[in-house]
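Before any comments, here is the structure.
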Protein chains: 2
Amino acid sequence: MKIGDIARLAGVSTTTVSRVLNNSKNVKEETRIKVNNVIKEQNYYPNMIARNLSSNKNDTIGLIVPDIKNTYFSKIVNNMVTNAGKKNLNVVLGCSNEDFEIQKKYIELFIKQRVKGIIIAVTKNSYNELEFFENISSKIPVVFIERKINSNFPTVCFENINSTIKSIEKLIEKGHKKIAFLAGDLSISTARERLEAYKRVLKKYNIKYDEKLVFYGDFSMESGYILAKEIFKTNVSAIYISNNLMLLGFLKALKEYKKNEDEYLISTFEHDEIVYFINQDINSYKIPFSELTKKSMDLLEEVSNKENKKNLVEIELD
Amino acid sequence: MKIGDIARLAGVSTTTVSRVLNNSKNVKEETRIKVNNVIKEQNYYPNMIARNLSSNKNDTIGLIVPDIKNTYFSKIVNNMVTNAGKKNLNVVLGCSNEDFEIQKKYIELFIKQRVKGIIIAVTKNSYNELEFFENISSKIPVVFIERKINSNFPTVCFENINSTIKSIEKLIEKGHKKIAFLAGDLSISTARERLEAYKRVLKKYNIKYDEKLVFYGDFSMESGYILAKEIFKTNVSAIYISNNLMLLGFLKALKEYKKNEDEYLISTFEHDEIVYFINQDINSYKIPFSELTKKSMDLLEEVSNKENKKNLVEIELD
DNA sequence: CTGAAAGCGCTTACAG
DNA sequence: CTGAAAGCGCTTACAG
């Protein structure tokens with residue numbers, strides 16, 4: 001069943017059927033009804049492949065995330081798919097698993113697919129590959145989300161520095177001066193920014209920066225678990241943990257070592273609802289993922305039309 | 001940059017470029033090299049939209065899941081995308097959120113997109129809509145995963161009944177005769193099959209089926225939480241919980257009521273790694289998600305070629 | 001081993 | 001308000 005069949009059955013030209021399909025103004029009401037009836041009767045679905053080719057448009061966007069098993073990213077995926085669906089846009093998904101080569105493969109796949117654009121939360125170390133991303137961006141609209149690679153590229157992310165400062169202030173307000181910091185993988189912008197925030201807030205409160213209180217991890221549960229054991233050896237009782245997975249690793253260690261829940265006061269950026277089952281008192285943000293996905297789709301649209309005024313959209317948290 | 005440009009620059013016809021692009025046999029080595037050089041130089045990516053239209057093929061598959069925030073399904077998505085990527089197939093994703101109308105919208109979107117086929121874990125109650133699915137299946141290859149709707153439709157899922165029987169036997173082996181059962185949403189096949197298994201295993205061990213020990217939930221965390229409180233009123237100490245989310249709800253209640261961890265012996269179908277942080281002693285399966293996704297893609301291929309011998313592929317667990 | 005030409009199923013100026 | 005015809009960027013018999 002193709003547009004020509006509908007045309008024949010309705011006794012009109014394919015042009016007219018196309019107009020009806022696209023809700024074009026210039027169709028007599030009577031004709032429109034006649035055509036729509038045939039479409040209904042035949043249960044006809046227009047071929048978007050053909051439409052996209054001839055109109056040089058595309059209604060699918062490519063989304064690439066580094067780790068969909070991490071609930072932080074599965075929430076992003078969920079929101080993106082849902083918000084895209086509302087606009088009748090499809091989402092093709094790539095999971096890079098933090099591997100640059102796999103990420104590259106998905107990007108190429110999506111370029112060949114001539115998707116409307118690519119929205120990407122890059123793998124670690126991607127900020128070393130600016131040339132690659134410049135090249136890609138010249139072939140297809142690209143919007144970076146969650147993780148920045150460079151201020152020249154269109155990016156939508158959450159405001160990290162002030163948000164993290166506020167989180168750490170909550171610890172200070174409770175009287176803590178010795179605050180441990182669990183850093184994420186510093187080849188990822190969010191990890192760097194959160195560490196920067198730690199340094200700034202200490203300065204703000206005239207607390208001396210102590211290198212021994214900074215523990216370098218990699219955003220994984222494993223590293224949170226390992227570093228927890230290091231922290232147990234110190235006498236700190238307040239901690240900022242740089243992401244949800246490291247928090248889980250930390251909590252796991254807490255449990256294994258039969259530590260009391262309130263032995264540590266913890267702040268983190270975001271954590272899964274699941275954590276409420278373990279410890280109620282962790283300070284974190286409720287992250288507006290839906291806003292992130294909407295704004296990234298908006299920016300993608302602007303980039304497509306080469307009308308993006310600003311490249312960096314930062315979403316404030318509270 | 002299109003195939004004609006490459007042809008011109010290489011001094012050959014578009015036919016030849018197309019042959020090179022598709023690794024066709026009949027091209028002189030010299031020509032192939034010449035063409036490939038131009039492709040490299042121009043950083044040319046063939047337009048798959050056009051290829052798909054003219055060859056009447058498609059290299060993307062549509063995947064629809066009911067709830068991607070549930071780690072059970074995000075694991076399926078992750079494995080599907082990864083395994084598809086290895087075959088250079090794209091995956092467009094739909095998240096139905098257990099809503100039949102949304103599911104329908106994604107299906108129609110994917111049909112219009114003329115995807116290679118649809119792999120779907122249906123929403124609850126979908127088994128009431130056989131006519132709809134028959135209709136769809138006549139337009140596009142469809143493979144059902146995880147949840148069955150009817151034995152006439154191509155389906156890949158995990159073996160539920162014997163697997164659940166074995167899980168419950170583990171409780172019986174430890175001397176338990178009074179075993180509570182937390183049922184999932186019975187409009188979903190997996191919930192029905194697990195309940196059936198419960199009945200069968202009781203019969204097998206000559207344990208009287210006691211309606212009061214069956215608690216009807218809906219697969220949600222919330223319902224696990226609520227039913228836990230009911231269970232606390234009874235004197236059972238062994239429980240089968242029908243899925244991962246209900247387990248979490250149960251554990252949450254356990255914690256809130258300051259129950260001892262070993263007060264209940266629990267079996268379940270699958271649970272997130274996260275549960276190890278809460279309770280080490282829960283009996284469950286390690287689910288081979290990768291196998292599910294591979295077999296569903298294989299079956300989709302067979303269905304496409306109308307050469308599927310059997311409609312139901314059940315994956316045994318151990 | 002190579003190429004001219006028709007065709008995939010749509011859209012879109014253009015003409016009326 | 002409607003339609004004939006060209007075009008989107010490929011593939012694929014067919015002929016040589």
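Throughout, protein chains are lettered first and strands after them, A, B, ... in sequence-line order, and every chain is numbered starting at 1.
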For A:R51, run the side-chain hydrogen bond (donor to acceptor under 3.5 Å, both in side chains) check against A:N58, A:N22, A:D59 and tell me which one passes.
A:N22

With a strict under 4.0 Å distance from non-hydrogen atoms of chain B, what nucleotide opens and what nucleotide closes the contacted stretch of DNA chain C, reading 5' to 3'?
C:dC1 to C:dG9

Give none if D:dA13 has no partner; otherwise give the nucleotide forming a Watson-Crick or G-U wobble pair with it, both distances under 3.5 Å.
none

What pairs with B:Y72 under ring pair (Phe, Tyr, Trp, His ring centres under 6.0 Å), at least two apart in sequence or on another chain?
B:F289

Using atom C1' of each nucleotide, how far apart are D:dG16 and D:dT12 to the nearest Å?
16 Å

Please check if any side-chain donor atom of B:D99 sits under 3.5 Å from a side-chain acceptor atom of B:N97, or the reverse.
no

Provide the Watson-Crick or G-U wobble partner of C:dA4, both distances under 3.5 Å; none if there is no partner.
none

Can A:T71 and A:S74 be counted as having a side-chain donor-acceptor contact under 3.5 angstrom?
no

In the structure I gave you, are the side-chain heavy atoms of B:I107 and B:I120 within less than 4.5 Å of one another anywhere?
yes

Can B:Q113 and A:N90 be counted as having a side-chain donor-acceptor contact under 3.5 angstrom?
yes

Between B:E29 and B:N56, just flag the one whose closest nucleotide in DNA chain C comes earlier from the 5' side.
B:E29

Classify the side-chain pair B:D185/B:S187 by whether it contains a donor and acceptor separated by less than 3.5 Å.
yes

Please list, in numerical order, the residues of residues 47-55 of chain B that have a heavy atom closer than 4.0 Å to any atom of DNA chain C.
B:L53, B:S54

Is there a donor-acceptor contact under 3.5 Å linking the side chains of B:T123 and B:S126?
yes

Within the structure shown, what part of the strands sits under 4.0 Å from A:S18 by heavy-atom distance: base, sugar-phosphate, or nothing?
base

With rounding to the nearest 0.5 angstrom, report the NZ to CG distance, A:K294 to A:N79.
8.5 Å

Residue closer to the 5' end of DNA chain C, B:K28 versus A:N22 (nearest nucleotide):
B:K28

First encountered from the 5' end of DNA chain D, between A:R32 and A:T14
A:R32

With rounding to the closest Å, how many angstrom separate the P atoms on C:dA13 and C:dG9?
23 Å

Contact class for A:T15 (heavy atom, under 4.0 Å): base, sugar-phosphate, or nothing?
base

